[in-house]
Engineer: 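Pasting in a structure now, in structure tokens, and then I'll have a few things to ask.
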There are 2 protein chains.
Amino acid sequence: MRPGPRRSFTHAEILDAAFDLLETKGFAAVSVRGVAGSLGITPTALYTYYSSKNALLRGMIEHLLARLDLRAPGGSDSVEAPDAAAIRRRIVTLALRLRELLTAHTGALGLIMSGPLDGPNAMRLNETLLESFTAAGLAVDDAARAAYALQVYALGSIALESADQDADPDAAAPTDGLFPDASGTALWTDLATFPLSSRTAHVVAQHNSTDQFVWGLERLLDGLVPQP
Amino acid sequence: MRPGPRRSFTHAEILDAAFDLLETKGFAAVSVRGVAGSLGITPTALYTYYSSKNALLRGMIEHLLARLDLRAPGGSDSVEAPDAAAIRRRIVTLALRLRELLTAHTGALGLIMSGPLDGPNAMRLNETLLESFTAAGLAVDDAARAAYALQVYALGSIALESADQDADPDAAAPTDGLFPDASGTALWTDLATFPLSSRTAHVVAQHNSTDQFVWGLERLLDGLVPQP
DNA sequence: ACCTGAACACCGTTCAAGT
DNA sequence: ACCTGAACACCGTTCAAGT
């Protein structure tokens, strides 16, 4: 085909197309060629909008975080000075919403890993967490560390969950001695070698659940927010 | 070249070659073709040892975790019943060693994301954490959740740090309005919109530090291990 | 300014064929 | 059993050229 008439896309249209690909065909399908193809343009034309694939991926994170509801849960009756329980509830709700948002899209975690979370919407989230932690009584520097720790926990949780879900048929291989001469100390025999791990296998099986996420989150908050 | 005489490699030799590539040329260089090439064989020959690239990556994680020192720090004088402080010190040391191990190798985080941590050496780590948490007085089910939460925190921390380090020249793009028509609610102006984030910018600048890692880890442990 | 077409230097994986 | 060579269906990115 020849150049034809000039077409033009907004960044939002391009990102929408990218998310369509992400949801229907997975993270691997979100390629420069793939996104360009679904828009009906050539891969090189996409470089007019995003200077690299990484820039496109970072745009997608922002697009996703723009949809994160940062409002406090429940009360349309906005209390001026919410109590400690309400603040805590807000943080937990925020973390759960972030988790939902990122686990709803297959491979969204791959987006997070593509670069730092420093876009405007990532900062909106950070600012909201800072507000909550200072409202909970933390000094501003401690609130910053707490907000970071909370994001670390939330993203780490999503990362491990998605890694677990990517279990492939090759999973059987490691059980029959992957490193016959690796270190000598690590001789894999069977589950009996790890008594505690076997006894808690039923707990491990639920690691991916929301309950496990909330449990750890609550313990982290126990440590972060000083108890009265 | 013709087939030539039969060459044979151990899994350890292949993984060593893969880690050489990882350290000298980065995660992208750890390709089936790349690893095979550094061994002097054809890409297809590598499929004799590992049935997929993912299986190779999972082998690398295990290779790495085999080098994780799980021993309690300090005491050659092994006390029979260590006190709470010693147990806590051991967990922190373990987390720091894990962090060192994974941050020492560029792109090691990419390995973690390639599949579930269910190899023998990953289980060795899990078992050690379970021992520590039960020794700290936790019921076995809670110990399992605690061990998982701790790994979530450690890996999440490493993930965010490596994402921050991958900052590229495209980072300037998002600051001048990436989504002019995305949602309408997210209008990016300047840092003044996020007063708390600006006030804590100096703390954020140290997010990558070991201090930040330990601070959050200590808070998590505050919540995980019941205080006397 | 926006787009095309061709090209460069790569990927993971499969398959028939050799020894 | 272990390996090669060719092939398939892809990648991200660059560049000269068109309108």
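All of these numbers come straight from a predicted model, not from anything done at the bench.
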Engineer: Output yes when a side-chain donor or acceptor of B:E13 lies under 3.5 Å from a complementary backbone atom of B:T10, and no otherwise.
Structural biologist: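 At least one qualifying donor-acceptor pair exists.
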Engineer: Can you check side chain to side chain donor-acceptor pair (under 3.5 Å) on A:H63 and A:D16, steps first, answer last?
Structural biologist: CA-CA 9 Å; A:H63 198 64; A:D16 281 341; 3.0 Å; yes
Engineer: Sub-3.5 Å donor-acceptor pair from the side chain of B:R33 to the main-chain atoms of B:P43, do we have one?
Structural biologist: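 Looks like no, no N/O pair under 3.5 Å.
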Engineer: If a pair means Watson-Crick or G-U wobble with both distances below 3.5 Å, what does DNA chain D look like in dot-bracket form, with | marking bases paired to a different strand?
Structural biologist: ||.|||||...|||||.||
Engineer: Between atom CD1 in B:I14 and atom C1' in D:dC3, what is the gap in whole Å?
Structural biologist: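 Whole-Å distance recorded here is 13 Å.
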Engineer: Taking B:Y153 for its side chain and B:F213 for its backbone only, find out whether a donor-acceptor pair lies under 3.5 Å.
Structural biologist: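 At least one qualifying donor-acceptor pair exists.
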Engineer: Check whether the side chains of B:T128 and B:R90 place a donor and an acceptor atom closer than 3.5 Å, and report yes or no.
Structural biologist: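 Side-chain D/A pair, B:T128 to B:R90: absent.
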Engineer: Is it possible for you to check whether A:R124 lies under 6.0 Å from the centre of the six-membered ring of B:F194, through NZ or CZ, and within 45° of that ring's axis?
Structural biologist: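 No, cation not above the ring by the 6.0 Å, 45° rule.
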Engineer: From CD of A:E13 over to P of C:dC2, roughly how many Å is that when rounded to an integer?
Structural biologist: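 That distance rounds to 14 Å.
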Engineer: Between C:dC8 and D:dC10, how far apart are the two C1' atoms, rounded to whole Å?
Structural biologist: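 After rounding to an integer number of Å, I get 15 Å for this pair.
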Engineer: Using every non-hydrogen atom in the two residues, find where B:N126 and B:A147 come nearest and quote the distance to one decimal.
Structural biologist: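 So the minimum-distance heavy-atom pair works out to OD1-CB, 3.9 Å.
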Engineer: Treat primed atoms plus P, OP1 and OP2 as sugar-phosphate and everything else as base, then score nucleotides 7-16 of chain D 5' to 3': B for base contact with protein heavy atoms under 4.0 Å, S for sugar-phosphate contact only, - for none.
Structural biologist: B---BBBBB-
Engineer: Distance only, no hydrogens: is a donor on one side chain within 3.5 Å (strictly under) of an acceptor on the other, for B:R99 and B:T210?
Structural biologist: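 Side chains of B:R99 and B:T210: pair found under 3.5 Å.
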